Amino acid sequence: MTTSSHPTPALPFALAAYDDPAALARALAAHVAEALRARVARDGSASLAVSGGRTPTRFFETLSGAPLDWSRITVTLVDERWVPETSDRSNAALVRRHLLKGPAAAARFVPLFTGAPTPEEGLAGAEAAVAALRAPFAAVVLGMGDDGHTASFFPGAPTLAAAIDPAGTARLIAVRAEAAGEPRITFTLPPLISADLLLLHIEGATKRAVLERAAAGGNGADQPIRAVLANAPRPLDVLWCP
Ligand SMILES: O=C(O)[C@H](O)[C@@H](O)[C@H](O)[C@H](O)COP(=O)(O)O
């Protein structure tokens with residue numbers, strides 16, 4: 001056991017609390033739409049990275065109806081489970097079903113799953129696909145698991161240190177971790193935190209407590225969400241509802 005006389009520092013974040021998931025989804029979609037609109041106005045195109053999992057469905061549905069020039073917008077994923085889109089675990093399938101519809105059907109989508117047998121073998125193909133994205137992202141929306149992972153930055157993953165290295169140069173990395181289920185691919189920390197707009201979307205008392213514990217240090221100090229809190233250029237904006 002190692003002990004330290006230096007307490008782990010508390011990290012700042014800015015939490016906006018909403019009454020319910022619908023109000024949160026409206027606010028989140030409005031923030032993301034504004035960031036996309038601003039980049040399209042400035043640069044002629046914009047890119048957006050969204051998370052998968054269960055939480056974002058309502059946000060996707062709301063954002064899909066935003067009056068944007070979606071033909072100038074490219075959507076990708078913060079991270080992906082290494083499964084084909086026929087799997088109900090596929091984040092790409094979730095995005096196609098709930099976001100790329102209505103006005104947003106005109107957006108271009110860049111999936112991270114390439115069809116290669118493993119993410120390690122698929123990495124080069126995925127890198128080539130994301131190389132065409134306009135950098136930095138106009139907006140990145142992160143989620144968080146009850147174990148403090150965000151993107152596919154899983155506690156205990158052998159590639160975690162490389163994935164959350166703020167000075168790392170890889171944009172994507174393969175991840176294997178027991179808690180992750182299937183192998184994964186994820187954007188690394190630097191391209192995510194350099195977005196014009198970086199938001200964390202969490203719902204429920206448990207996730208709020210996990211975030212507060214991670215931010216406070218102490219026994220939350222090993223939670224990967226801390227890498228985002230510690231390295232984001234501004235205090236992380238968190239949208240939460242019970
Ligand atoms: O593919 C994924 O699993 C994610 O992108 C992941 O980082 C997600 O955001 C969290 O695991 C929260 O997931 P829930 O929304 O399902 O709780």
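Since the structure is predicted, the reported quantities are computational estimates derived from the model, not experimental observations. Start at 1 and go down the list; that is how both ligands and their atoms are numbered.
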Next item on the list: Please could you name the atoms of ligand 1 that Arg184 approaches to less than 4.0 Å, counting only its heavy atoms?
Entry: 1 (O), 2 (C), 3 (O)

Note to self: For the residue pair Arg134 / Ser47, report whether a side-chain donor-acceptor contact shorter than 3.5 Å exists.
What the structure shows: no

Checklist line | Verify same cluster id: Val95, Trp82 (apolar side-chain graph, 4.5 Å) | finding: yes

Next item on the list: Find all atoms of ligand 1 within a distance of less than 4.0 Å from any non-hydrogen atom belonging to Gly143, and give their numbers and elements.
Entry: 9 (O)

Note to self: Counting C-beta onward and ignoring hydrogens, is there a side-chain heavy-atom pair between Ile173 and Ile185 closer than 4.5 Å?
What the structure shows: no

Next item on the list: Just jot down the ligand 1 atoms closer than 4.0 angstrom to any heavy atom of Asn91, in number order.
Entry: 1 (O), 2 (C)

Next item on the list: Would you mind listing which atoms of ligand 1 come within a distance below 4.0 Å of any non-hydrogen atom of Lys207?
Entry: 12 (C), 14 (P), 15 (O), 17 (O)

Note to self: Regarding ligand 1, does Arg54 bring an N or O atom to under 3.5 Å of one of the ligand's N or O atoms?
What the structure shows: yes

Notebook entry, point to check: Counting each atom of ligand 1 from 1 as listed, which ones have a heavy atom of Arg81 under 4.0 Å away?
Noted result: 1 (O), 2 (C), 3 (O)

Check: For ligand 1, is there an atom lying under 4.0 Å from some heavy atom of Glu203?
Finding: no

Next item on the list: May I ask you to decide if Ala214's main-chain N or O and Arg226's side chain share a donor-acceptor pair within less than 3.5 Å?
Entry: yes

Notebook entry, point to check: Are Arg208 and Glu212 ion-paired here, with the side-chain N under 4.0 Å from a carboxylate O?
Noted result: yes

Note to self: Tell me the nearest of Arg89, Met144, Glu182 to atom 12 (C) of ligand 1, using heavy-atom distances.
What the structure shows: Met144

Note to self: Can you tell whether the side chains of Glu61 and Arg58 come within less than 4.0 Å, N to carboxylate O?
What the structure shows: no

Check: For ligand 1, is there an atom lying under 4.0 Å from some heavy atom of Asp79?
Finding: yes

Notebook entry, point to check: Does any donor atom in the side chain of Asp79 or Ser152 lie under 3.5 Å from an acceptor atom in the other side chain?
Noted result: yes

Notebook entry, point to check: Among the clusters formed by ILVMFWY side chains lying less than 4.5 Å apart, do Val210 and Leu200 turn up in the same one?
Noted result: yes

Checklist line | Distance filter under 4.0 Å to Thr55 heavy atoms, resulting ligand 1 atoms | finding: 14 (P), 15 (O), 17 (O)

Check: Which option out of Ala151, Ala49, Pro56 puts a heavy atom nearest to atom 7 (O) of ligand 1?
Finding: Ala151

Notebook entry, point to check: Would Leu112 end up clustered with Phe154 when hydrophobic side chains under 4.5 Å apart are linked, directly or stepwise?
Noted result: no

Checklist line | Protein contact to atom 8 (C) of ligand 1 [nearest heavy atom, distance to 0.1 Å] | finding: Gly52 O, 4.0 Å

Next item on the list: Please verify whether a non-hydrogen atom of His149 lies at under 4.0 Å from ligand 1.
Entry: yes

